[in-house]
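Heads up, the thing below is written out as structure tokens.
Only this structure's heavy atoms are used, side chains among them; waters, hydrogens and symmetry mates stay out.
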Amino acid sequence: AAAPTAPSAAPAQDASAAGSSAPTTPPSGKDEDICPSDSNAAPADRIAACRRMLANATDSASKNTALIELGNNFYDMGQRDEALKNYQAAIDADPKVAASYANIGLIRLDQYRFDEARAAFDKAFQLDPDNADDIYQRGVALGDLGSFDAALSDVKRAIEMKSDVSDYYGQLGLLQLADGSIEDAVAATDKAASLSDAFWSGTAVIAYYLGENYPKSIEMIDKGAKEQ
């Protein structure tokens with residue numbers, strides 16, 4: 001994306017492999033187009049472009065953007081420590097950009113450091129209260145911390161803000177299962193499946209099974225097996 005965004009969920013690339021795939025000549029174009037982690041340039045060229053952007057930055061906003069994109073590139077290469085360093089540097093450059101904190105929160109979730117993740121998403125949401133993804137991710141962290149009521153509140157709020165994201169409903173279903181609300185979990189996971197080709201059908205099977213709807217359980221198990 002052109003603007004700073006949260007790291008992508010794409011599989012991490014091995015850093016050595018990424019370096020070896022770099023072209024022998026740098027790609028043509030503006031650094032602003034090459035640097036983003038979702039550009040078509042090789043990882044080494046993206047990082048070089050981001051570093052040139054950082055070196056040429058004349059204000060805090062430009063520095064923040066370059067540092068976030070550097071972090072995103074390192075995140076996608078599986079270098080979480082380097083990503084964290086750049087996200088923290090982005091905060092030092094401009095502490096009022098929500099994406100810096102949200103990206104740190106995603107890494108802390110990856111590392112099972114759920115309280116730190118919750119704190120990071122707290123800050124991101126304070127800075128950008130219209131961002132449904134940040135409130136959803138805080139709900140994920142709260143659920144992992146065992147704070148199910150607060151987690152449910154956050155995930156439901158995210159759905160109110162953006163009602164077409166399958167992951168939101170899938171997480172809602174998981175939380176409702178943990179809370180023992182089987183019928184609600186069934187409805188949530190059905191909604192998730194309808195938005196994402198039964199991506200959450202495994203959770204739906206559990207919900208139907210616990211609800212003793214055995215014919216539906218068999219139907220969902222068969223459907224899931226055919227999709228494998």
Side-chain angles (χ1 to χ4, degrees), residues 1-12 36-38 68-69 71-72 75-76 80 83-84 87-88 90-91 95-204 206-207:
T5 59
S8 71
S37 58
D38 60 355
I68 287 177
E69 291 295 0
N72 290 352
Y75 183 97
D76 286 347
R80 298 297 196 263
L84 275 171
Y87 295 146
Q88 187 57 58
I91 291 171
K96 296 181 179 179
V97 178
S100 309
Y101 301 93
N103 293 353
I104 288 174
L106 288 171
I107 290 179
R108 293 311 188 198
L109 280 178
D110 288 346
Q111 297 172 332
Y112 303 101
R113 295 167 68 168
F114 302 124
D115 199 47
E116 292 176 60
R118 177 203 53 76
F121 289 121
D122 268 346
K123 185 64 176 178
F125 193 65
Q126 289 170 16
L127 291 168
D128 186 8
D130 295 325
N131 192 311
D133 289 339
D134 291 347
I135 195 68
Y136 162 75
Q137 294 288 2
R138 187 177 71 177
V140 173
L142 286 165
D144 287 323
L145 287 166
S147 300
F148 295 119
D149 288 344
L152 277 166
S153 177
D154 274 358
V155 173
K156 287 178 179 178
R157 188 173 177 184
I159 289 172
E160 289 174 1
M161 297 168 70
K162 194 160 64 172
S163 61
D164 60 349
V165 182
S166 63
D167 283 356
Y168 292 5
Y169 293 97
Q171 183 67 21
L172 178 62
L174 288 174
L175 291 167
Q176 289 168 332
L177 277 174
D179 192 46
S181 302
I182 306 306
E183 290 185 5
D184 290 339
V186 168
T189 50
D190 272 350
K191 179 66 174 178
S194 73
L195 290 169
S196 184
D197 295 327
F199 179 77
W200 285 88
S201 61
T203 303
I206 296 170

>> Set out, in order, the CA-CA distance, both residues' side-chain angles and the distance that settles side chain to side chain contact (heavy atoms under 4.5 Å, CB included) for N72 and E69, then state yes or no.
In response: CA-CA 5 Å; N72 290 352; E69 291 295 0; 3.5 Å; yes
>> Pair D130, D128 - check side chain to side chain contact (heavy atoms under 4.5 Å, CB included), show working.
In response: CA-CA 5 Å; D130 295 325; D128 186 8; 4.1 Å; yes
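Between the side chain of S163 and the backbone N or O of E160 there is no donor-acceptor pair closer than 3.5 Å. When atom types are taken as modelled, the side chain of S196 and the backbone of A192 share no donor-acceptor pair closer than 3.5 angstrom. Remark: side-chain polar atoms of S153 are not paired, donor with acceptor, to backbone N or O of A150 under 3.5 angstrom.
Annotation: cation-pi pair R80/Y75 present, NZ/CZ under 6.0 Å from the ring centroid and within 45° of its normal.
In this structure, D134 does not pair ionically with R138, as no charged nitrogen and carboxylate oxygen lie closer than 4.0 Å. With respect to R157 and D154, no salt bridge is recorded, no charged nitrogen being found less than 4.0 Å from a carboxylate O. Salt bridge status for K162 with D133: present, with a side-chain N to carboxylate O gap under 4.0 Å.
Rounded to the nearest 0.5 Å, atoms CD (Q176) and NZ (K156) are 6.0 Å apart. The CD1 atom of I159 sits 12.0 Å away from the CD1 atom of I135 when rounded to the nearest 0.5 Å. The CG atom of D179 sits 12.5 Å away from atom CG of L174, with the distance rounded to the nearest 0.5 Å. The CG atom of D122 lies 12.5 Å from the OH atom of Y101; values are rounded to the nearest 0.5 Å. Once rounded to the nearest 0.5 Å, the distance linking CG of L172 with CG of D184 reads 8.0 Å.
Enclosure of atom CD in Q111 by more than 12 non-hydrogen atoms of other residues, nucleotides or ligands within 6.0 angstrom is indicated. Residue K96 places its NZ atom among 12 or fewer non-hydrogen atoms of other residues, nucleotides or ligands, all under 6.0 Å distant.
Residues D115 and R118 form a side-chain contact, since some pair of their non-hydrogen atoms from C-beta on lies under 4.5 Å apart.
When every heavy atom of G105 is checked against every heavy atom of A117, the shortest pair comes out as O-CB, 3.6 Å. The two residues D164 and L195 come nearest to each other via the heavy atoms C-CD1, 3.8 Å. Here the closest heavy-atom approach between residue I91 and residue S100 is recorded as CG1-CB, 3.4 Å. A151 approaches G143 most closely through the heavy-atom pair CB-N, 3.5 Å. Of all heavy-atom pairs between F114 and A141, the closest is O-CB, 3.8 Å. Taking all atoms of both residues into account, the shortest heavy-atom contact from A98 to A124 is CB-O, 3.4 Å.
Applying the side chain to side chain contact (heavy atoms under 4.5 Å, CB included) test between F121 and each of I104, L109, V140 identifies L109 as the sole match.
Y136 and N131 share no side-chain donor-acceptor pair at under 3.5 Å.
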